[in-house]
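Positions are given from 1, in the same order as the sequence printed here. Only a predicted model underlies this, so the values are computations on that prediction, with no experimental measurement involved. Indexing begins at 1, ligand by ligand and atom by atom, following the structure's order.
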Amino acid sequence: LHRLAMCFVSSVLACISLVHGDAAHARPFDDIKKDGRIIVATEGQFAPFNYFQGSRLTGFEVDIAEAMAQRMGVKIEWKALSFDALLAGLRQDRWDMVIASHGITEERSRAVTFSNPHYCSGGIIVSKGEGVRTVKDLSGKVVAVQIGSTYFDNVKKTTEAREVKTFPQDSDARAALITGRVDAWVTDRFVAKAALEANRASGMQLGDMVFVERIASAVAKGNGSVASEINKALAAIQADGTYDAISRKWFGEDIRCK
Ligand code: LYS
């Protein structure tokens, strides 16, 4: 709406560039603070980090973001979108921040600015029955992963899997394993643990970790004022016990990077 209003008061040329996104620039923290609300995008399909309980968005990252926003003195307006749309939307200035379990990678760092990590984790092998536990065991096997994830890149890079099948959502990759369409599923180790607990009859079991990663929220490339407010808020909730309490509530342990 704001951008549309800008169109009316600015020249035709400026208007065209706004519509095409050339002139789109991320809101600095001062603007967000004045507005009183920060627009935060997540996926909502990655329990227990961000997911829907009925129509309610919940999860560890939702709680962490809410606690950080409280520290920053702003309210969150949540958006839930498919994983592959999230970082691209920062560039188009569609939201101020993304928190959706993104691992910090070189490639992503070229497109967005990451805050400090809010947890450390990694990809783990999940299989059914014996025999598929280690990276070596994945040789010649069919592995399911979510599209656009670090699981895809790392399974490609470190294993000799015969095929890496991609799925729009991580839960689709899980379903492929449960129904026996693939030999293994590689996902976040905390997601895997929760999935095992929720599907005890499925016969799924945990294997080895494939890689480790630091998970952070992201802002538009170069939006330093928002990144530094996020870092300050994260440090504050990690110092005052808030982070620890949220982490224990979801995982029974503190999952911050050590
Ligand atoms: N941590 C992984 C990544 O950075 C997975 C996130 C997937 C969320 N559904 O790609």
Requested in this report: Specify whether Phe251 and Phe190 have parallel, tilted or perpendicular ring planes, treating 30° as the upper limit for parallel and 60° as the lower limit for perpendicular.
Outcome: tilted
Requested in this report: Quick one: which residue pairs count as a side-chain hydrogen bond (donor to acceptor under 3.5 Å, both in side chains) with a foot in residues 150-162, not counting sequence neighbours?
Outcome: Thr150-Glu213
Review item, side-chain donor-acceptor pairs of residues 197-207, under 3.5 Å, at least two apart:
| from | atom 1 | to | atom 2 | distance (Å) |
| --- | --- | --- | --- | --- |
| Asn199 | ND2 | Ala195 | O | 2.7 |
| Ser202 | OG | Asn199 | O | 2.7 |
| Ser202 | OG | Met204 | N | 3.3 |
| Gln205 | OE1 | Arg133 | NH2 | 2.3 |
| Gln205 | NE2 | Gly129 | O | 2.4 |

Query raised in the report: Who's touching ligand 1 if we go heavy atoms under 4.0 Å?
Result: Glu43, Phe46, Phe83, Ala100, Ser101, His102, Gly103, Arg108, Gln146, Ser149, Thr150, Tyr151, Glu213, Ile215
Report summary line: residues 89-137 vs disulfide bond (SG atoms under 2.5 Å apart), sequence neighbours excluded, gives Cys120-Cys257
Query raised in the report: Side-chain donor-acceptor pair under 3.5 Å between Gln146 and Glu43, yes or no?
Result: yes
Query raised in the report: Is there a donor-acceptor contact under 3.5 Å linking the side chains of Glu61 and Ser101?
Result: yes
